[in-house]
There are 2 protein chains.
Amino acid sequence: MNSLHTHDRMKGFFSPRHIAVIGASENNLWFGNMLDNARRSNFDGTIYPVNPKADEVWGVKAYRKISDLPAGIIDLAVIILKSQLVLDAVKELSSAGIKNIILLSSGYAEIGGEGITRQMQLQRYCRDNGILLMGPNCLGFMNMAENVSVFTGGAVEGNLLAGTIAVVGQSGATSEIVVSSLLDNFYGISLYATTGNEAVLTVEDYMEYLVHDDRTRVIAGFIEGFRNIPKLKEVAYEAARRRIPIIVIKVGRSEKAQKAASSHTGALAGNDGVLDGFFRQHGIIRVDSIEDMVATAGIFSRLALPGGKGLGICTLSGGLCGLYADLCELYGISLPSLTEATIKKLTEALPDFAQPDNPLDVTGSGFQTGMDRINNILLDDENIDLLVTLTLSPKNSEDKLAHAVNDWLASLKRASSKPIALIPFKEMTDYARSYFNENGLYYIEQPQTGLKAVSHFMKYAEFIRNFEQNHDDTE
Amino acid sequence: MNSLHTHDRMKGFFSPRHIAVIGASENNLWFGNMLDNARRSNFDGTIYPVNPKADEVWGVKAYRKISDLPAGIIDLAVIILKSQLVLDAVKELSSAGIKNIILLSSGYAEIGGEGITRQMQLQRYCRDNGILLMGPNCLGFMNMAENVSVFTGGAVEGNLLAGTIAVVGQSGATSEIVVSSLLDNFYGISLYATTGNEAVLTVEDYMEYLVHDDRTRVIAGFIEGFRNIPKLKEVAYEAARRRIPIIVIKVGRSEKAQKAASSHTGALAGNDGVLDGFFRQHGIIRVDSIEDMVATAGIFSRLALPGGKGLGICTLSGGLCGLYADLCELYGISLPSLTEATIKKLTEALPDFAQPDNPLDVTGSGFQTGMDRINNILLDDENIDLLVTLTLSPKNSEDKLAHAVNDWLASLKRASSKPIALIPFKEMTDYARSYFNENGLYYIEQPQTGLKAVSHFMKYAEFIRNFEQNHDDTE
């Protein structure tokens with residue numbers, strides 16, 4: 001989209017109260033899924049199915065044609081029609097003043113040949129007539145912050161928890177997995193948008209909107225190809241000014257993936273090595289998997305950025321110290337040596353046979369007797385900017401020891417200006433996951449994935465420190 | 001241990017019926033944990049606490065001194081004494097003909113100075129008197145195949161499921177996490193041994209024993225330092241002959257980890273780069289984390305080795321195809337092109353708009369209509385040696401669609417000579433985990449970790465093919 005102010009209009013796009021669905025039918029899953037998702041979102045606006053042969057669809061009053069719709073109140077139209085019929089419907093909607101459209105249909109650039117021509121005609125018409133169009137070949141969106149879902153996918157599971165992470169996906173199914181995994185880990189979502197073939201609105205437009213969205217603090221993107229690198233650069237600059245990390249899975253490292261991307265949404269994958277450099281330069285965080293994306297988005301959504309690059313680790317086994325130290329080396333995390341003052345204090349606090357170092361092995365007896373004092377000593381060390389410390393994961397509400405440890409850690413977290421991540425010693429349970437989240441505690445479930453996320457977190461904080469030193473215009 | 005036949009004696013070491021515990025007391029957790037773990041294992045032998053001041057310990061009849069123990073029947077002694085008192089106890093046990101000893105106490109090489117001297121004295125006495133000694137500074141073992149636990153740790157959770165994976169750990173706490181994670185994923189364990197400081201029996205001795213143990217098909221080791229590289233080489237050779245993979249976490253890539261290892265069990269970490277080359281040459285699989293170890297041990301325990309190096313992937317989204325293709329590139333997994341015959345058959349089986357390739361996007365409609373036919377076509381392709389294919393993870397016993405899909409996949413797995421790994425489309429639940437395992441289906445829970453495990457699996461199979469071509473003496 002060329003308009004500089006598209007993102008202002010997009011606020012309305014994502015907050016419709018009256019939604020027309022052209023081609024709503026009981027013959028496929030789409031409209032049914034859309035109704036289900038709207039109900040799950042507690043959507044309290046109105047949906048207007050348009051179907052030439054029905055008085056109602058799935059129990060919702062229907063209209064025979066677009067011109068039958070109540071005039072002047074529809075603020076978003078969804079199109080589920082064969083691709084050959086779409087352009088006429090778009091023109092009719094446009095004439096009726098409906099300029100916000102989600103086009104779910106496939107049969108465009110992703111099939112090549114005539115699909116490409118069809119997409120270009122659609123694009124030209126929308127641009128000439130000021131239409132904001134999401135898609136084609138997409139699943140719609142979920143605006144969890146405002147209880148609006150216009151979403152035809154069936155695979156987003158879990159409670160639709162509102163929060164600060166926005167998800168933008170060029171692949172519907174894949175981004176549904178990202179969203180489900182975030183929700184499964186109790187990370188709330190502000191907005192989830194699927195972009196499809198991007199005939200009009202591109203992933204850069206969505207990201208630009210999200211950078212300006214007050215509810216969004218983290219942007220996660222599943223990307224097959226960027227289409228507008230100059231705009232991405234502007235968006236990344238504005239995101240850095242606002243300290244909003246952009247985390248992407250960008251497929252296309254391999255030839256196979258480049259081929260899959262072009263046949264999927266018709267996106268050009270681009271030169272991967274050049275993109276990697278671009279990402280680094282502009283503070284865009286690239287991850288390789290959905291697991292890494294969830295853990296990385298998670299740490300940004302839960303913890304304040306550290307003031308420096310030193311990680312302190314506190315655990316209860318020499319073996320774990322070695323394992324974590326090696327993972328930190330692998331992921332480029334700095335484990336500073338402890339200051340002399342810290343070593344002196346730890347020597348007094350720990351059992352005789354313990355050896356103060358970072359990572360710190362408090363030993364089994366240390367864990368039983370002095371974790372509060374030990375964690376405070378580590379947090380006081382001027383070289384430590386983020387602390388990863390051991391906890392117990394409670395099995396159930398009767399697990400008194402684990403609750404005592406975590407209550408104390410929660411108060412430590414409130415008192416300290418330095419971010420604290422917990423690393424549970426025992427297997428996580430569903431109870432433990434909800435307990436940690438309800439108490440605002442960030443925990444690392446899988447040390448490898450978790451330390452990789454910590455590494456992205458530390459590097460981004462360093463990027464921001466450099467960025468802010470070099471720019472006077474930060475907020 | 002120098003004897004070539006140590007591993008024959010070790011069979012008895014791990015199958016005791018009458019266990020004396022020297023220094024059993026109610027004053028610390030060790031003996032209580034040992035009793036708990038013995039009960040969890042359904043141990044039906046007898047435990048004989050020895051305590052100079054008690055007639056019973058935790059309800060078990062006790063003996064005042066070693067010489068009070070019934071003569072000639074104790075086949076294993078456990079020592080929980082201050083390190084200064086240990087050598088005399090060892091001598092007394094040896095005189096009474098008790099030559100299998102687990103020494104739990106710390107205060108040896110790991111503390112340096114006099115600890116090193118003490119450990120050398122102990123080592124010399126044991127070697128001169130033919131004593132098999134596990135430890136010092138260890139937690140004991142769990143022989144899950146034979147319902148014998150002599151184990152003082154408190155962090156192994158879950159059902160003690162017997163199976164084919166053996167775990168050897170130089171770090172007690174860390175290996176407890178490995179074992180708990182394996183059990184949590186329903187992977188059964190043959191033997192779990194903690195080696196401690198290895199004054200007498202070293203990790204190479206345990207591995208040698210396990211390679212000859214009929215119940216063990218996979219060996220997983222948490223290693224801070226090897227002590228006997230020539231023996232390790234012999235063990236690796238014998239393991240390759242028997243197609244038993246040895247998977248290790250070897251800490252010490254980083255200086256910090258090397259330091260932690262030496263202060264922990266007194267092991268020398270060795271030159272890491274040289275070790276890496278040694279591992280590659282001898283088919284030892286090195287992984288970086290407990291997550292990777294569990295997934296890698298898991299795939300070896302569930303699937304037969306593939307006959308070649310070609311992976312086929314079948315999923316339902318172009319985005320996932322790209323993501324998986326990139327991960328395969330990252331981990332060096334070969335994704336062969338499909339043969340012309342396969343492409344022809346797939347073109348007939350798939351919807352018009354689908355494009356046959358590897359990874360294969362069957363599209364949403366393909367998934368609903370023809371997964372049986374599509375999977376069979378892929379398995380028939382001569383370039384595909386292992387198939388990773390999409391499934392649904394059932395939410396509960398009422399989830400008919402997911403059960404139908406998986407029943408069919410289970411019969412496909414029985415019918416095909418090629419290994420098949422499943423990759424569930426939706427979030428896993430506890431129900432789904434137990435369902436897959438009860439039905440002998442191997443599934444990938446986290447694609448990144450899972451594909452890394454697939455990569456180790458494929459590379460090991462290639463190592464074995466080369467090994468068997470070069471050696472005529474294979475079984």
Side-chain angles (χ1 to χ4, degrees), chain A residues 106-107 110-111 155 157-158 169-175 177 180-181 184 222 224 249 251-261 263-265 288-292 316-323 325-330 335 353 355 357-359 361 364 425-427 430 446-449, chain B residues 106-107 110-111 155 157-158 169-175 177 180-181 184 222 224 249 251-261 263-265 288-292 316-323 325-330 335 353 355 357-359 361 364 425-427 430 446-449:
Chain A
S106 52
E110 83 283 2
I111 62 162
E157 306 194 321
Q170 287 180 332
S171 160
T174 315
S175 59
I177 300 177
S180 296
S181 301
D184 195 52
F222 183 91
E224 299 193 322
I249 293 174
V251 298
R253 286 196 196 276
S254 61
E255 263 180 57
K256 288 265 185 190
Q258 285 171 20
K259 197 173 156 199
S263 75
H264 184 222
T265 53
D288 293 315
S289 69
I290 295 176
E291 301 92 290
D292 286 348
L316 59 40
S317 138
L320 289 176
C321 286
L323 185 62
D326 278 357
L327 287 170
C328 286
E329 172 114 341
L330 198 58
L335 286 169
F353 51 89
Q355 298 180 27
D357 203 347
N358 182 25
D361 172 12
F425 181 54
K426 300 201 177 184
E427 288 291 315
D430 287 344
Q446 305 267 30
Q448 180 167 253
T449 309
Chain B
S106 53
E110 83 282 1
I111 61 164
E157 305 192 324
Q170 286 180 333
S171 159
T174 315
S175 58
I177 299 176
S180 295
S181 301
D184 196 50
F222 183 91
E224 300 194 319
I249 294 173
V251 298
R253 288 197 195 275
S254 61
E255 261 181 60
K256 288 266 185 188
Q258 284 172 19
K259 197 171 157 202
S263 75
H264 184 221
T265 52
D288 293 316
S289 70
I290 294 175
E291 301 91 294
D292 286 348
L316 58 41
S317 139
L320 290 175
C321 286
L323 185 63
D326 279 357
L327 287 171
C328 285
E329 171 115 339
L330 198 57
L335 285 169
F353 51 88
Q355 297 178 28
D357 203 348
N358 181 24
D361 172 10
F425 180 56
K426 301 202 177 181
E427 288 292 314
D430 286 344
Q446 307 264 30
Q448 180 166 257
T449 310

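All chains are named by letter (A, B, ...) in the order of the sequence lines, taking the proteins before the strands, and each is independently numbered beginning at 1.
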Counting heavy-atom pairs closer than 4.5 Å to chain A, which one of B/Arg253, B/Glu329, B/Glu291 comes out on top? B/Glu291
Determine the option with the most heavy-atom pairs under 4.5 angstrom with chain B, choosing from A/Ser180, A/Cys321, A/Pro359. A/Ser180
Tell me, out of B/Gly158, B/Ser175, B/Ser181, who's got the most heavy-atom pairs with chain A below 4.5 Å. B/Ser181
Over all heavy atoms of both residues, which pair between A/Ala325 and B/Lys256 is shortest? Give the atoms and the distance, please. CB-CB, 3.7 Å
Over all atoms of both residues, closest heavy-atom pair of A/Ala257 and B/Gly322: CB-O, 3.4 Å
Segment of B/Asp184 engaging chain A (4.5 angstrom heavy-atom cut-off): side chain
Run the numbers on A/Gln448 and B/Ser289 for side chain to side chain donor-acceptor pair (under 3.5 Å), then give the verdict. CA-CA 6 Å; A/Gln448 180 167 253; B/Ser289 70; 3.2 Å; yes
Set of side-chain contact (heavy atoms from CB on, under 4.5 Å) partners for B/Ser106, sequence neighbours left out: B/Glu110, B/Asn137
In terms of heavy-atom proximity below 4.5 Å to chain A, should B/Leu327 be classed as side chain, backbone, both, or neither? side chain
Between A/Leu316 and B/Ala173 the two heavy atoms that sit nearest each other are CD1-CB, 4.3 Å
With sequence neighbours left out, what residues match B/Asp292 under salt bridge (charged side-chain N to carboxylate O under 4.0 Å, His left out)? B/Lys452
Nearest heavy-atom approach of B/Gly319 to A/Phe222 is O-CZ, 3.4 Å
If I compare all heavy atoms of A/Leu320 with all of B/Thr174, which pair ends up nearest, and what's the gap? N-OG1, 3.2 Å
I'd like to verify something: which residue of A/Ile177, A/Asp326, A/Leu335 has the highest number of heavy-atom pairs under 4.5 Å with chain B? A/Asp326
Structural part of B/Glu157 lying under 4.5 Å from a heavy atom of chain A: side chain
B/Ile249, part contacting chain A, at a heavy-atom distance under 4.5 Å: side chain
For A/Asp288, is it the side chain, the backbone, both, or neither that has a heavy atom closer than 4.5 Å to a heavy atom of chain B? both
Checked A/Asp430, A/Asp357, A/Thr449 vs chain B; the most non-hydrogen pairs under 4.5 Å come from A/Asp357
